[in-house]
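Start at 1 and go down the list; that is how both ligands and their atoms are numbered. Reckoned from all heavy atoms, side chains included, excluding hydrogens, waters and symmetry mates. Each residue takes its place number in the sequence, starting with 1.
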Amino acid sequence: MDATFYEKFYMYMTKYTFTAMTRATPTDFQFSVKVPETGLVILDVDAYSSGLNFVLGEAFPHRRLAALYLSRIKEEYYGLKPNTEFLYERMVKECIHELGHIFGFNHCPDMLCVMHFSNSLSDTDFKTKSFCRVCRIKKPIF
Ligand SMILES: [Zn+2]
Ligand SMILES: [Zn+2]
């Protein structure tokens, strides 16, 4: 475990992004936050990107802006019972992933790495919230 890496990452998350995200309530998910360093927008919508059927999130590193789209990470989308625990777990993974792009990380072939590209929601559920060793070595600071 690379303590420095995670300390720094969570410092970024906490200081610039995560506080606003955790303030959102399940019934009030639609909000945006813009701070000088990094912006994260969470929208309760379904989103598409050119060349892809759908996207769970997007990052615009040059603008230091990331977006997370909630529709397809909700159980309800698939006709299942709402599950807040799954929703938060997926939100956190996708937020870390998109913020990872902003901090300069690319997609990673390791299916357990948070930077692995999610082709489907099962990829998101399979991967962890952590950066793999290769990613951490490649980019120990950002
Ligand atoms: Zn990505
Ligand atoms: Zn990785």
For a distance under 2.8 Å, tell me if C108 has an N/O/S atom near the Zn ion (ligand 2). yes
Test side chain to side chain donor-acceptor pair (under 3.5 Å) on H97 and H116; report intermediate values, then the result. CA-CA 8 Å; H97 179 97; H116 188 75; over 6 Å; no
Can you sort out the partners of E94 under salt bridge (charged side-chain N to carboxylate O under 4.0 Å, His left out), two or more places apart, ordered by chain and number? K127
For E89 and K129, what are the C-alpha separation, side-chain angles and deciding distance, and is it a salt bridge (Lys or Arg N to Asp or Glu O under 4.0 Å)? CA-CA 9 Å; E89 185 77 12; K129 293 190 279 275; 3.0 Å; yes
Work out the angle at the Zn ion (ligand 1) between NE2 of H97 and NE2 of H101, rounded to 10°. 100°
What are the two closest non-hydrogen atoms of E98 and G57, and how far apart are they? OE2-C, 3.2 Å
Rounded to 10°, how big is the angle at the Zn ion (ligand 2) from C135 SG to C113 SG? 110°
